[in-house]
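Heavy atoms only: backbone and side chains are in, while hydrogens, waters and symmetry mates are out.
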Amino acid sequence: MSQHEIVMTNRNTMEVTGVVSVESFDSEEFLLQTEYGYLGIRGQDLHIKNLDLEQGRVSIEGQLMDISYLDVHMPRGEKTKSLLGRLFK
């Protein structure tokens with residue numbers, strides 16, 4: 001597994017490493033699949049500043065209000081369908 005970091009600056013800029021994919025996003029919510037589980041990010045006026053999935057990096061700008069992991073640590077790909085099924089019932 002690669003390194004996973006979250007760096008937030010002034011609650012309006014966030015850089016996340018160890019990102020496998022961007023599952024969904026809009027101006028109020030992002031769902032990122034990371035090497036260490038799904039990461040939900042909520043806020044207002046959110047947008048992608050930079051996206052480089054080859055390097056596993058995502059930068060997000062906007063008013064950040066909530067950051068949470070939506071599952072326990074599990075290897076990438078394991079139980080992915082069941083988690084997505086629970087999220088989008």
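Taking Glu15 as the reference, nothing meets the salt bridge (Lys or Arg N to Asp or Glu O under 4.0 Å) condition, with sequence neighbours excluded. Partners of Glu28 by salt bridge (Lys or Arg N to Asp or Glu O under 4.0 Å), not counting sequence neighbours: none found. Residues passing the side-chain hydrogen bond (donor to acceptor under 3.5 Å, both in side chains) test with Arg11, sequence neighbours excluded: none. The side-chain hydrogen bond (donor to acceptor under 3.5 Å, both in side chains) test applied to Ser21 returns Glu23, Gln33, not counting sequence neighbours. Partners of Asp66 according to the side-chain contact (heavy atoms from CB on, under 4.5 Å) rule, which considers only residues two or more places apart in sequence or in another chain, are Arg42, Ser68.
Put simply, the side chain of Val7 does not reach to within 4.5 Å of the side chain of Thr13, judged on heavy atoms.
Remark: the backbone N or O of Thr17 is paired with a side-chain donor or acceptor of His4 at under 3.5 angstrom.
By the neighbour-count criterion of 12 heavy atoms within 6.0 Å, atom CG of Asp26 is densely surrounded, having more than that number from other residues, nucleotides or ligands.
Sequence neighbours left out, the pairs with a member in residues 52-62 that pass side chain to side chain donor-acceptor pair (under 3.5 Å) are His47-Glu61.
Leu53 belongs to a hydrophobic cluster whose remaining members, ordered by chain and number, are Ile6, Met8, Met14, Val16, Val19, Val22, Phe25, Phe30, Leu32, Leu39, Ile41, Leu46, Ile48, Leu51, Val58, Ile60, Leu64, Ile67, Tyr69; membership requires side-chain heavy atoms of ILVMFWY residues under 4.5 Å apart, directly or through intermediates.
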